[in-house]
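Have a look at the structure below before the remarks.
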Amino acid sequence: MSDERKLTSQAEDFAAWYNEVVLRAELADYSPVRGSMVIRPWGYGIWERMQGALDDMFKATGHENAYFPLLIPMSFIEKEKEHIAGFAPELAVVTHAGGKELEEPLAIRPTSETVILEMYAKWVQSYRDLPILLNQWANVMRWEMRTRLFLRTAEFLWQEGHTAHATEAEAREHTIRMLGVYRTFMEDWIAMPPVTGLKSESEKFAGAVETFGCEALMKDGKALQAGTSHFLGQNFARASGLTFQSEAGTEEYAWSTSWGVSTRLVGGMVMTHGDDAGLIVPPRLAPTQVVVIPIYRNDEERSATEAKAREVEARLRDAGVRVKLDARDHLSPGAKYYEWERKGLPLRVEVGPKDLEKGSLALARRFFPEGEKRKLFLPEGEAIASIPDRLEAMQAALLAAAVARREESSYRGVRDWGEMREILETRGGFVYTGWSGDPAVEERAKEEMKATIRCMPDPEFRSDTAPTRCISGEGEARHEVVWARAY
RNA sequence: CGGGGUGUGGCGCAGUCCGGUAGCGCGCCUGCUUUGGGAGCAGGAGGUCCCGGGUUCGAAUCCCGGCGCCCCGACCA
């Protein structure tokens, strides 16, 4: 028996590591239904933190929440022809209810553009009713062939924003604004810095005019599409009859956008920060940021250190820290250390007999600068007072480390097909090249190196000198693009 | 849907080739001793061996037929 208590290392088998971490950190578990998962309290707590932050950002950009139904008439989904073509293979459809076959089958929503715009059409008469800026938190279902916890499951939780505007310019601007919101959220909260940009035709959302995405780099060198924002043009408005009377008195179709992020972000967090000891949860996302562990050798010491631990807990709570006392008596301190480290809890405070004597506390950090020791021994007052700042510092350090990793794994100015393949097959990462715009080049890369164009990066991510030739060797470069193997 | 693997206490596995009282480690319960990096000892609970047929005196084991799950490929947030 190899040590069952240890996780498979990332270097040995990243996919196995991922599965083990998700299960053993108690983020989620497999459910009785293939492809569906149960999100456990620790994982759901992280999602709730994400929801809270995003929801605030949505409100701050003028949105309100609403809720639209799970079941969508098939005829709605069929209205936009690219949309139905894109989603048909992964639809789950309800054909029977109440013991009878339904007159019209009902699709379980894979996304809600069709119903939502149908409703908007009822609510909008004139340009004065626009824009409509709504968001919903919901579950959706896409019948995937291969599933992975958080990264791809048949049912998942997400947020979908749907807006309708009177002008193309406003809708385009909104699409970009929400992409920016996602980027900021990913950097500030998940400490997962994405590259943003425009999706190629083959990767865009079915029914969109343009799709923009946030692409994050995972520790194994693969890209994760972490969020998308779509400019839908008038496509869905036409399909749903969403028209309005303009200021000039003419009848026009509205311009719409949609944008979403899902529980997949939890998987992104795992693969951005986790290490061989388990998860690392950025402090802002951690449902509990600090655990306080009393250490003792007998009943007398137990009551003394537990009392102090409770006091520390109370003072941290007063300071706005999400803190928890772990007073379980049946586990040794060491066992608790391993457990909380596996779950990625940012900071641990140990209170032992020696601390009581010396008026000190031990702080153990889940993530700390290279070369430093995990544990710090500090005077009690200083230790407690420093914790809020330490949490913020850890948050910043995680982002800095992730940015550094992304930059180290970004290969710019690659001009040779073989070189691109060599990089993607051995190291992984983001390869920046020129592209003629020919879809055949994407197709070939997918076949030969399982890589796709993740995006045509936004200006700030582009290389200093723009590529001039297409990576295929044929044709001028019309865009700079980022290639990667993706989840 | 193709290829591979696997199904045995809560978890991880052995046992299957070669049929003969269902085992090991971890976990769990009780007690005592422990507790600053995964505690020790003693006692204990817990199993339709994935399901259905068949062969046999006897099946976890052999035969036939199903099913689940995981991994690898084709589709996707």
Side-chain angles (χ1 to χ4, degrees), chain A residues 1-7 13 15-16 18-20 23-24 29-36 85-91 110-111 139-160 182 199 202-206 211 213-216 223-230 258-268 277-278 293-299 301-302 305-306 326-342 348-358 360-362 364 373-375 377 446-447 450 452 486-487:
Chain A
M1 173 191 90
S2 64
D3 195 345
E4 283 171 18
R5 293 177 305 188
K6 276 214 161 69
L7 296 164
D13 184 344
Y18 177 83
N19 281 328
E20 287 175 29
L23 294 171
R24 295 190 50 204
D29 203 351
Y30 293 103
S31 84
V33 178
R34 188 202 75 92
S36 298
F87 279 106
E90 50 195 40
L91 277 187
T111 178
N139 57 341
V140 286
M141 180 160 272
R142 299 180 187 177
W143 212 256
E144 300 291 348
M145 300 190 200
R146 279 196 57 197
T147 60
R148 294 199 63 191
L149 295 169
F150 286 110
L151 301 175
R152 178 164 299 109
T153 46
E155 178 188 0
F156 56 93
L157 303 184
W158 77 345
Q159 142 290 304
E160 47 180 323
Y182 286 153
K199 289 281 174 182
S202 68
E203 294 276 322
K204 82 172 193 200
F205 174 72
T211 290
C214 292
E215 295 290 322
L224 182 76
Q225 183 175 119
T228 46
S229 185
H230 314 291
S258 68
W259 25 278
V261 295
S262 70
T263 37
R264 178 179 245 201
L265 289 173
V266 177
I293 299 180
I295 293 154
Y296 43 83
R297 285 170 300 208
N298 51 51
D299 286 349
E301 284 182 358
R302 183 179 176 188
T305 54
E306 253 187 54
D326 186 351
R328 289 176 296 176
D329 186 42
H330 64 283
L331 292 179
S332 69
K336 294 179 187 177
Y337 301 168
Y338 281 103
E339 179 179 326
W340 290 115
E341 280 170 20
R342 190 165 57 239
R348 173 175 81 236
V349 178
E350 300 168 20
V351 185
K354 287 181 210 160
D355 295 308
L356 293 189
E357 250 171 62
K358 293 189 288 193
S360 65
L361 292 175
K373 289 225 164 44
R374 173 190 301 281
K375 283 197 198 184
F377 300 90
K446 198 167 183 179
E447 271 168 37
K450 291 189 223 161
T452 48
Y487 274 97

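In what follows, chains are A, B, ... by sequence order, proteins preceding strands, each numbered from 1.
Rounded to whole Å, atom P of B/rG10 lies 19 Å from atom CZ of A/Arg24. In this structure, CG of A/Leu331 is placed 12 Å from C1' of B/rC28, rounded to the nearest angstrom. Per the geometry, CG belonging to A/Asp355 stands 16 Å off P belonging to B/rU35, to the nearest Å. Rounded to whole Å, atom P of B/rG36 lies 16 Å from atom CZ of A/Arg374. Distance, A/His330 NE2 to B/rG40 P: 15 Å, rounded to whole Å. Look at CG on A/Asn298: it is 8 Å from P on B/rU35, rounded to the nearest Å. Atom-to-atom, CG of A/Asp326 to P of B/rG38 comes out at 16 Å; the value is rounded to the nearest Å. As a whole-Å value, the separation of A/Leu23 CG from B/rG27 P is 19 Å.
Among the heavy atoms of the strands lying under 4.0 Å from A/Gln225 are primed sugar atoms or P, OP1, OP2 only; no base atom is included. Contacts of A/Arg328 with the nucleic acid, taken as non-hydrogen atoms under 4.0 Å apart, are absent. In this structure, A/Leu151 reaches the bases: a heavy-atom distance under 4.0 Å links it to at least one base atom across the strands shown. Using a 4.0 Å heavy-atom cutoff across all strands shown, A/Glu301 reaches no nucleic acid atom at all. Among the atoms of the strands shown, none is found under 4.0 Å from any heavy atom of A/Ala16. Across all strands shown, A/Lys375 has heavy atoms under 4.0 Å from base atoms, whether or not it also approaches the sugar-phosphate. A/Thr153 comes within contact range of at least one nucleobase, with a heavy-atom separation under 4.0 Å. Across all strands, A/Thr228 comes closer than 4.0 Å to no nucleic acid atom at all (heavy-atom distances). Using a 4.0 Å heavy-atom distance criterion, A/Arg148 is classed as making no nucleic acid contact.
Between B/rC13 and B/rU33, the two C1' atoms lie 31 Å apart (nearest whole Å). The separation of B/rG46 from B/rG25, taken at their C1' atoms, amounts to 16 Å, rounded to a whole angstrom. As rounded to the nearest Å, B/rG44 and B/rG23 have P atoms that lie 14 Å from one another. Between B/rC32 and B/rG15, the distance separating the two P atoms is 40 Å to the nearest Å.
Partner assigned to B/rC41 is B/rG31, using Watson-Crick or G-U wobble distances below 3.5 angstrom. Across all strands shown, B/rA22 remains unpaired; no Watson-Crick or G-U wobble contact has both distances below 3.5 Å. Across all strands shown, B/rC17 has no partner, as no Watson-Crick or G-U wobble contact with both distances under 3.5 Å is found. Base-pair partner of B/rG9: not found among the strands shown (Watson-Crick or G-U wobble, both distances under 3.5 Å). Base pairing analysis places B/rG73 opposite B/rC1; the two distances defining the Watson-Crick or G-U wobble pair are each below 3.5 Å.
A/Tyr487 is linked by a side-chain hydrogen bond (donor to acceptor under 3.5 Å, both in side chains) to A/Asp220, counting only residues two or more places apart in sequence or in another chain. In this structure, the salt bridge (Lys or Arg N to Asp or Glu O under 4.0 Å) partners of A/Arg348, at least two apart in sequence or on a different chain, are A/Glu341, A/Glu350. For the salt bridge (Lys or Arg N to Asp or Glu O under 4.0 Å) test, residues two or more places apart in sequence or in another chain that qualify with A/Asp329 are A/Arg302. For A/Arg328, the salt bridge (Lys or Arg N to Asp or Glu O under 4.0 Å) partners are A/Asp326, A/Glu339, not counting sequence neighbours. A search for side-chain hydrogen bond (donor to acceptor under 3.5 Å, both in side chains) contacts involving A/Gln225 returns nothing, not counting sequence neighbours.
Salt bridge annotation for A/Lys199-A/Glu215: present, with a cationic side-chain nitrogen under 4.0 angstrom from a carboxylate oxygen.
Of the candidate nucleotides B/rG37, B/rA39, B/rU35, B/rG37 has the atom nearest to the side chain of A/Glu341. Proximity note for A/Asp329 (side chain, C-beta onward) versus B/rG36, B/rA39, B/rU35: the nearest is B/rU35. Considering only side-chain atoms of A/Arg348, the nucleotide from B/rU35, B/rG36, B/rG37 that sits closest is B/rG37.
With rounding to the nearest 0.5 Å, the separation of CG in A/Leu157 from CD in A/Gln159 is 12.0 Å. A/Asp355 CG to A/Ile295 CD1: the interatomic distance, rounded to the nearest 0.5 Å, is 7.0 Å. Here CG of A/Asn19 is found 4.0 Å from OH of A/Tyr30. Values are rounded to the nearest 0.5 Å. For the atom pair A/Arg374 CZ and A/Tyr337 OH, the distance stands at 11.5 Å (nearest 0.5 Å).
For B/rG38, the base is stacked against the aromatic ring of A/Tyr338, per a cut-off of 5.5 Å between centres and 30° between planes.
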Scan nucleotides 66-70 of chain B against the protein and return all N/O pairs shorter than 3.5 Å with their distances rounded to 0.1 Å.
| from | atom 1 | to | atom 2 | distance (Å) |
| --- | --- | --- | --- | --- |
| B/rC69 | OP1 | A/Arg34 | N | 3.3 |

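Close to B/rG73, at under 4.0 Å from its OP1 or OP2, lies a side-chain N or O of A/Lys450.
If you find the closest nucleotide of RNA chain B to A/Ala335 and to A/Tyr296, the one lying nearer the 5' end belongs to A/Tyr296. A residue-by-residue look at A/Arg302 and A/Tyr487 shows that A/Arg302 has its nearest nucleotide of RNA chain B further toward the 5' end.
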